[in-house]
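Accompanying notes for the structure given below.
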Amino acid sequence: MMASGDDAQHLVECNLCQQPVSFFCRRCGVNLCDTCIAIHLRVKSKNGHAIVDFVSKNDDDTWHCDSHPQNDCSAYCKTCDAPICILCVSIKHKSHEMSELSDKIEDLFKVIAKENDRLQSSKNKLERVLEHTTRLLSSIFSIYKQRKDEVTARGEEWHKQIEETVKKLHQELDDMQKEHEAELQKQKKEFEEMIDRVNEINRKTRKLQKSKNVKEMQTFVPLIQKQKNFSFIEVSQYSVPESYERKIDEYLDIISKKKESSDRRMLDVPTVTCVIDTGFPASKKDQNRLYDMAVTDDNKVWMGGASEELKLFDLQGNLHHTVSITTEGMYLCMYNKQVVYTDKPNNAVRMISDNDTVVTMFTTGDWKPRGITGTASRDILVCLYKCDQNKVVRYSSTGTVLQEIQYDSQCQPLYKLAIYITENVNGDIIVTDWKKKAVIAVDRLGLFGYSYSGVQKCSAITTDSVGHVIVTDIQGDKIHMLNRDGRFLRYIIPEEGIENPRAMCILGHGEMMVGENRTGIAKRIKYLEE
């Protein structure tokens with residue numbers, strides 16, 4: 001165990017009398033006790049004396065004149081661009097332009113501090129990239145395992161005919177995994193080394209701020225100015241394979257395409273078969289009434305609006321049940337046959353039990369929840385935000401975080417204001433983003449798939465049994481239908497029209513329920529033929 005600074009000082013003796021040391025003469029390099037200071041100062045020295053506390057003997061807060069080493073520098077010659085002593089002022093530099101040394105130190109440190117701030121600011125970008133790279137690196141195994149599982153699942157459909165093909169694809173994925181992992185490890189190391197360099201510059205800057213060593217500052221300024229910003233660093237373009245299971249079809253020359261549209265034809269003009277006045281009051285802030293809805297297994301619809309209650313209607317518009325909740329019913333879904341909603345003020349996800357009790361499923365930490373949906377794998381997907389950050393998190397029913405989706409492959413934010421969310425039949429996770437004015441889809445692993453920006457202001461989003469993506473356009477007074485790849489197919493606008501559509505759910509039998517945001521009216525719309 002090392003001794004502290006005070007303990008170490010007592011172990012050193014005065015060079016003159018062997019008493020414990022208290023001071024140090026920098027000019028003579030002599031350790032001194034309290035008594036011997038006066039004796040030492042009486043000894044003549046051509047360089048003079050400089051007595052300091054022993055504990056600060058190594059702090060270089062003064063510098064000596066190059067021409068007169070016995071003198072400390074006290075001025076700065078602008079003509080010669082050098083620090084000088086008082087003797088130089090009156091002799092060699094008498095006719096030169098002078099300034100206070102402290103002014104020159106201040107000017108130099110301003111340059112250093114500015115450059116240091118620039119590098120420290122750009123370090124934030126670098127740290128975010130490093131964090132994303134580290135997270136991706138840690139999930140590499142699960143990503144490739146998922147891909148191999150997809151390959152295996154497709155292989156089992158064809159039994160022994162494609163066993164050899166599955167083995168071959170596994171090997172390809174294993175090789176690609178090793179290559180990808182090596183690339184990310186290399187990138188991670190480079191980012192760590194960059195951050196170490198920035199931290200070293202920061203430590204040097206702090207030291208110069210304390211020492212005010214003008215020569216070191218002069219040497220350091222060009223070095224720090226040469227350091228490049230990290231704001232525009234290049235991130236590896238390496239991407240994981242997508243839909244790799246289809247390689248089996250390529251190897252066997254088998255075309256296996258799923259139909260993307262129903263056997264039933266879409267109605268040229270959708271019709272409204274029922275109108276429901278939900279009775280939700282208008283919000284004080286913006287006069288909104290109806291926010292979200294979710295369909296039950298027995299074809300009833302839970303609706304939430306601008307009041308602290310959820311209402312259950314049948315498809316004929318009869319109110320069956322009302323449940324009091326802890327906040328406005330802005331975002332809800334069905335999960336295990338129970339209605340679930342997000343409690344944004346309290347950062348929680350809550351469920352209505354069979355006896356109408358509000359049960360907290362889990363909390364979301366310091367992130368506030370918005371849109372929510374259940375998944376085919378019995379997980380829960382939630383849109384979360386904190387300050388200007390947005391992400392999608394996959395939770396288990398007990399609140400265990402299973403997956404976080406926040407950045408694309410270039411470490412750029414996927415979302416600016418994630419509102420509603422759904423899962424498609426192919427596992428895609430689809431979000432509406434109010435700030436981007438777009439529908440954004442990622443695959444089940446969180447890898448970017450597509451973006452659709454043909455809406456004025458997208459709101460609720462859902463999918464049907466064949467993978468159509470359906471999104472309400474609250475400002476465009478229409479409903480957009482896309483295929484599973486995000487390509488626009490058609491508008492759904494009933495003959496009677498629809499005003500500020502927001503909430504929406506698919507009922508089956510070619511029908512959907514759509515809620516008008518401002519009127520609080522829910523319309524049952526038939527859009528497919530029998």
query: Measuring from Ile461:CD1 to Ile470:CD1, what's the distance to the nearest 0.5 Å?
result: 9.5 Å
Stepwise side chain to side chain contact (heavy atoms under 4.5 Å, CB included) check, Arg394 with Ile405: CA-CA 8 Å; Arg394 184 189 297 271; Ile405 303 168; 5.9 Å; no
statement: Those residues at least two apart in sequence (or on a different chain) that pass side chain to side chain contact (heavy atoms under 4.5 Å, CB included) with Lys148 are His170, Leu173, Asp174
Which residues share a salt bridge (Lys or Arg N to Asp or Glu O under 4.0 Å) with Asp196, sequence neighbours left out: none
message: Can a donor-acceptor pair be found, under 3.5 Å and without considering hydrogens, that links the side chain of Ser121 to the backbone of Arg118?
response: no
message: A quick test of your reading: do over 12 heavy atoms of other residues, nucleotides or ligands sit less than 6.0 Å from NZ of Lys478?
response: yes
message: Just so I know, are the side chains of Thr342 and Arg370 near enough to count as touching, which here means a heavy-atom distance under 4.5 Å?
response: no
task: Mind checking the OG-CE spacing from Ser397 to Met351? Nearest 0.5 Å is all I need.
output: 7.5 Å
task: Please identify each residue that fulfils side-chain hydrogen bond (donor to acceptor under 3.5 Å, both in side chains) with Lys188, with sequence neighbours left out.
output: Glu192
field: Minimum heavy-atom distance Asn390-Ala418, with the two atoms named
entry: OD1-N, 3.2 Å
task: Indicate yes or no for a side-chain donor-acceptor contact from Gln287 to the backbone of Ser283 under 3.5 Å, with no hydrogens or angles considered.
output: yes
Partner residues of Arg518 under the side-chain hydrogen bond (donor to acceptor under 3.5 Å, both in side chains) criterion, sequence neighbours left out: Asn288
- request: Could you check if a side-chain atom of Phe191 sits within less than 4.5 angstrom of a side-chain atom of Thr134, using non-hydrogen atoms only?
  value: no
message: Counting only heavy atoms not in Glu193 (residues, nucleotides, ligands), do more than 12 fall under 6.0 Å from its CD?
response: yes
message: Does the structure place the NZ or CZ of Lys457 under 6.0 Å from the centre of the six-membered ring of Trp434, at an angle of no more than 45° from the ring's axis?
response: yes
- request: Kindly assign one of parallel, tilted or perpendicular to the pair His321 and Trp302, based on the angle between their ring planes and the thresholds 30° and 60°.
  value: perpendicular
- prompt: Can you name the closest pair of heavy atoms from Ser465 and Val425 and give their distance?
  reply: O-CG1, 3.7 Å
query: With no hydrogens and no angle check, is any side-chain donor or acceptor of Glu423 less than 3.5 Å from a backbone partner on Ala376?
result: yes
message: Is there a side chain to side chain contact (heavy atoms under 4.5 Å, CB included) between Asp428 and Arg484? Walk through the geometry before answering.
response: CA-CA 9 Å; Asp428 282 355; Arg484 68 175 64 197; 5.6 Å; no
- request: State the CD-CG distance between Glu179 and Leu184, to the nearest 0.5 angstrom.
  value: 10.5 Å
- request: Begin with the C-alpha distance, continue with both residues' side-chain angles, and end with the deciding distance and a verdict on side chain to side chain contact (heavy atoms under 4.5 Å, CB included) for Ile352 and Thr357.
  value: CA-CA 6 Å; Ile352 306 301; Thr357 302; over 6 Å; no
- prompt: Side chains of Leu315 and Val301: closer than 4.5 Å at any heavy-atom pair?
  reply: yes
task: Could you tell me which residues satisfy salt bridge (Lys or Arg N to Asp or Glu O under 4.0 Å) with Glu127, sequence neighbours excluded, listed by chain and number?
output: Lys123
- prompt: Under 4.5 Å between any side-chain heavy atoms of Ile521 and Asp277, yes or no?
  reply: yes
- request: With sequence neighbours excluded, tell me which residues meet side chain to side chain contact (heavy atoms under 4.5 Å, CB included) with Thr205.
  value: Phe109, Ile112, Asn116, Ile201, Phe220, Ile224
4.5 Å side-chain heavy-atom contact, Ile479 and Tyr527: no
field: Ser353 to Gln338 - nearest heavy-atom pair and separation
entry: C-NE2, 3.7 Å
field: Main-chain N/O of Ile419 paired to Thr432 side chain as donor or acceptor, under 3.5 Å
entry: no
Residue pairs passing the salt bridge (charged side-chain N to carboxylate O under 4.0 Å, His left out) test where at least one lies in residues 339-368, sequence neighbours excluded: Asp343-Arg350, Asp366-Lys386
field: Main-chain N/O of Arg444 paired with Gln403 side-chain donor or acceptor, under 3.5 Å
entry: yes
message: Apply side chain to side chain contact (heavy atoms under 4.5 Å, CB included) to residues Ile506 and Val295 and explain how you reach the verdict.
response: CA-CA 7 Å; Ile506 298 298; Val295 62; over 6 Å; no
- request: Might you point out which heavy atoms bring Ser451 and Ile440 nearest each other, and give the distance in Å?
  value: OG-CG1, 4.2 Å
- line: d(Asn424 CG, Asp464 CG) to nearest 0.5 Å is 8.0 Å
field: Thr463: partners by side-chain hydrogen bond (donor to acceptor under 3.5 Å, both in side chains), with sequence neighbours left out
entry: none
- prompt: Atom OG of Ser453 and atom NZ of Lys437: how far apart are they, to the nearest 0.5 Å?
  reply: 11.0 Å
query: Quick one: salt bridge (Lys or Arg N to Asp or Glu O under 4.0 Å) partners of Glu200, sequence neighbours excluded?
result: Arg203
- prompt: Any side-chain heavy-atom pair from Leu332 and Tyr291 closer than 4.5 angstrom?
  reply: no
message: Within the 4.5 Å heavy-atom criterion, are Glu309 and Phe280 side-chain neighbours or not?
response: yes
field: Main-chain N/O of His509 paired with Lys526 side-chain donor or acceptor, under 3.5 Å
entry: yes
query: Should the heavy atoms of other residues, nucleotides or ligands under 6.0 Å from CZ of Arg206 be counted, would the total exceed 12?
result: no
query: So which pairs with a foot in residues 506-517 pass salt bridge (charged side-chain N to carboxylate O under 4.0 Å, His left out), sequence neighbours left out?
result: Glu511-Arg524, Glu516-Lys523
Side-chain (Asp314) to main-chain (Lys300) donor-acceptor, under 3.5 angstrom: no
Side chains of residues 496-504: which donor-acceptor pairs under 3.5 Å do they make with residues two or more places apart or in other chains?
| unit_1 | atom_1 | unit_2 | atom_2 | d |
| --- | --- | --- | --- | --- |
| Asn500 | ND2 | Ile474 | O | 3.0 |
| Arg502 | NE | Tyr420 | OH | 2.9 |

Those residues that, when tested against Asp473, pass salt bridge (Lys or Arg N to Asp or Glu O under 4.0 Å) (two or more places apart): none
- request: Using atom types as modelled and distance alone, determine if a side-chain donor or acceptor of Thr472 lies under 3.5 Å from a backbone N or O of Ala460.
  value: yes
message: Is a donor from one side chain sitting under 3.5 angstrom from an acceptor on the other, for Thr364 and Tyr395?
response: no
message: I need the Asp297 CG to Met334 CE distance, nearest 0.5 Å.
response: 7.0 Å
- prompt: Considering only heavy atoms from C-beta outward, does the side chain of Tyr415 approach that of Lys436 to under 4.5 Å?
  reply: no
message: Could you walk me through whether His320 and Phe313 satisfy the ring-ring contact (aromatic ring centres under 6.0 Å, His included) test, starting with their C-alpha distance in whole Å, then the side-chain angles of each, then the deciding distance to 0.1 Å, before giving a yes or no?
response: CA-CA 6 Å; His320 281 247; Phe313 292 89; 8.8 Å; no
query: Short question: side chain of Asp408, backbone of Cys411 - any donor-acceptor pair under 3.5 Å?
result: yes
query: Within the side chain of Asp443, is there an N or O that forms a donor-acceptor pair under 3.5 Å with the backbone of Leu445?
result: yes
